[in-house]
Amino acid sequence: MREVRRKSNPNVAAFLMTAAILAFMGLVGQPRRTTSLLSVAIAEAQQSASTAPKVIPGTTPASIAPSKSSAGQAGKKPVSTKKEHTFRGTVEKVDANARMLTVSGENVPGWMGAMTMNYRIDKPDNLTVNVGDHITAKVYDGDFSTLHDVRVIATPTGAPAKANELPPISYVCATPGEESVLEDKPGKCPQSGASLVPIRLVTVYSCLKFQSFIQDKPGVCPVDRSELVPITAALYFTCRNDSSVRQLEPGTCQDGNARTTGYERRPHGDHNPRHGGQFFMADDSWHHLEGTLMRPNIFRVYFYNDMTQPLAVTGFSASAAKTDANGNDIAAPLALKPGRTDDGNTLEASIAATALPANFTLRVKFKPDDKERVFDFTFADYSREPGPVAPAPAASAPTTTAAAQPKSQATASAAAAPNVSVPPPNQTPTAAAPSQQSDTYVPPTLRPEAPLPTTTPELLAELAKRAQAVTKALDQGDLGGLWYPAIGAKDVALALEENHISEIPEDQRPKVASAVKRLTMAAWKIDAAGDLGNKERLLPFYRDFSAAIADIESVYGSR
């Protein structure tokens, strides 16, 4: 054994000597293509040491800190190497100050279904587009907030669609976790293997903060009088006396009446900001968020699910940092804390010395062990909560009459006669029944009636009178007649809130405001359920209606 070792030592020495000579020749002579095992090992070690996490396009991970020796490169965002897709859509809004476009995008297979979204623009020059322009852009896997290389394309030619032409059939997944799948032909869901479900997608209009109200024309929300916002919904056809009917085609019901239209809200169908901020979808296609800048210096973020419903921030963590116009941090990040909102869906931080325009980078984790997701915000001004639409000047009509509605609402509802869908809680929307003279539904609040009384005692007496009329109609089984006293009670409650809120203690005013909103929603739901002749569905709305009236009477009666 010793002999073997002695013989191997000269061989090792010779090998090392040869390697040294070759290395010396490589330094002083011509470059050589021979690669030694040692150089391979060194290269692999260097590559391993420099490996960085994958980065969402247009973002910088918090774990990558710029070195002091390369100040010129600090904070520069890497070029994406993720898969590229071609995006097409129609511009609905241009916000040059925030460098954002609101675009109704077409389906991009493997990236995102057809939906309307707010998008950051990579180049300011691309903001020369106008509302109505058809555009194309580049998008990348995992980044649902930025459009790259936006270009205007020619408007598609061809005959315009007929007014009564049905939208094409699309195919979606009904299984949880695959709601964002959208195809233009039958097939299977990619994960569950379940069959795709056919639907027809249309643009309709809904209250911004009261999702149960839907109609097919623009107008004003009957609850808070804000402007209705466009959403994408599924169109179907149902029967007045059998709401379980859901067909993709018009037709005739068993009772001989024509089917009526109904709408169902869809995941990702409503990406309208609720609080005047900037709305984005996370790369998991489920979490959504809206960033706002509130006076004097509060950066507040609202979180939603894929149905744009408030999402509690349990387990969430986030930080925000001021950035320059290129998205590079210029201040230390601040941790966001839960805000004091009824829905518990906000995180916020007070950021001192905020000057407009203001830029922020938000880094958020939806779970402690989740990856960090990055969003950029630009605020040219402070965010403003959407408010009521200013009513058109009226001749001399009292403000408390049902006829004194905003002009845009009367025009959209009476002239265009939109269809309205008001669903019960935790159920999909159902179609409101048509009137007997037409196949469309006209909100009954727009029908003229006698002016309401003006004093608080008189209004309270009128409220009680109309509530009793609702109870009497329900007891007698007159479901089709419930709408009139129910909607009338809503008008009385609104008159009390608008004209007599100052008469009650300040700490009681939120209770009245809440009761009026609940009564308004219950009245509309009673109207819709009564037209469908469904007493079981109507009873929960009647209980909500009665409870709201009791709250209003208790506050005003205790003055």
Side-chain angles (χ1 to χ4, degrees), residues 53-65 75-78 80 95 97-100 117-122 142-147 271 273-295 297-305 308 310-339 341 343-368 370-383:
K54 290 185 178 180
V55 180
I56 297 174
T59 65
T60 303
S63 59
I64 303 178
K76 287 192 175 181
K77 301 187 177 184
S80 174
D95 188 343
N97 292 325
R99 293 173 57 180
M100 295 185 66
M117 280 275 291
N118 296 324
Y119 295 99
R120 182 84 54 206
I121 302 303
D122 65 331
D143 180 8
F144 299 122
S145 62
T146 307
L147 298 181
H271 286 165
R274 265 58 181 155
H275 302 278
Q278 298 170 17
F279 195 97
F280 294 110
M281 179 174 70
D283 58 359
D284 60 4
S285 298
W286 194 76
H287 290 90
H288 295 67
L289 55 88
E290 176 186 0
T292 63
L293 181 62
M294 311 303 295
R295 294 181 185 274
N297 53 8
I298 302 297
F299 178 61
R300 179 177 297 138
V301 184
Y302 296 81
F303 294 88
Y304 311 92
N305 62 15
T308 325
L311 191 62
V313 295
T314 304
F316 291 18
S317 62
S319 64
K322 287 184 180 180
T323 60
D324 59 21
N326 296 318
N328 303 318
D329 290 1
I330 57 176
L334 296 175
L336 273 62
K337 299 180 180 180
T341 56
D343 296 319
N345 70 321
T346 61
L347 293 174
E348 62 183 47
S350 177
I351 302 180
T354 299
L356 297 174
N359 302 286
F360 300 97
T361 289
L362 172 71
R363 297 178 172 91
V364 59
K365 289 185 177 182
F366 300 123
K367 296 184 297 184
D370 195 9
K371 72 175 184 179
E372 190 174 69
R373 293 175 168 87
V374 185
F375 304 87
D376 293 325
F377 294 91
T378 298
F379 298 99
D381 199 352
Y382 291 102
S383 305

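Start at 1 with the first residue, then count along the sequence.
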Checklist entry - Side chains of Thr323 and Asn328: do they bring a donor and an acceptor to under 3.5 Å? => result no
Checklist entry - Heavy-atom distance under 4.5 Å between the side chains of Leu347 and Pro338, does that happen here? => result yes
Checklist entry - Is any side-chain heavy atom of Leu356 less than 4.5 Å from a side-chain heavy atom of Asp381? => result yes
Checklist entry - For Trp286, does its backbone N or O pair with a side-chain atom of His288 as donor and acceptor, under 3.5 Å? => result yes
Next on the checklist: Going by the rule side-chain contact (heavy atoms from CB on, under 4.5 Å), which residues pair with Ile330 if we only count those two or more places apart in sequence or in a different chain?
Outcome noted: Lys322, Asp324
Checklist entry - Sequence neighbours excluded, which residues qualify as ring-ring contact (aromatic ring centres under 6.0 Å, His included) partners of Phe360? => result Phe299
Item to check | 4.5 Å side-chain heavy-atom contact, Tyr304 and Leu289 | outcome: no
Next on the checklist: In the structure I gave you, are the side-chain heavy atoms of Thr361 and Val374 within less than 4.5 Å of one another anywhere?
Outcome noted: yes
Item to check | Check: Phe316 ring centre within less than 6.0 Å of His287 ring centre | outcome: yes
Checklist entry - Nearest heavy-atom pair of Pro368 and Gly315: which atoms, and what distance? => result CD-O, 3.9 Å
Checklist entry - Does Ser383 use its side chain to pair, donor to acceptor, with the backbone of Gly277 at less than 3.5 Å? => result no
Checklist entry - Does the side chain of Met100 come within less than 4.5 Å of Ile121's, by heavy atoms? => result no
Checklist entry - Given Arg363, which of Asp329, Asp376, Asp370 fulfils the salt bridge (Lys or Arg N to Asp or Glu O under 4.0 Å) condition? => result Asp329
Item to check | With sequence neighbours excluded, residues passing salt bridge (Lys or Arg N to Asp or Glu O under 4.0 Å) with Asp343 | outcome: none
Next on the checklist: Check this for me, if you would: do Asp143 and Arg120 make a salt bridge, where the nitrogen-to-carboxylate-oxygen distance has to be below 4.0 angstrom?
Outcome noted: no
Item to check | side chain to side chain donor-acceptor pair (under 3.5 Å) assessment of Thr146 paired with Asp122 | outcome: CA-CA 7 Å; Thr146 307; Asp122 65 331; over 6 Å; no
Item to check | Under 3.5 Å donor-acceptor, Glu290 side chain and His275 backbone | outcome: yes
Item to check | Heavy-atom side-chain contact between Thr346 and Val313 under 4.5 Å | outcome: no
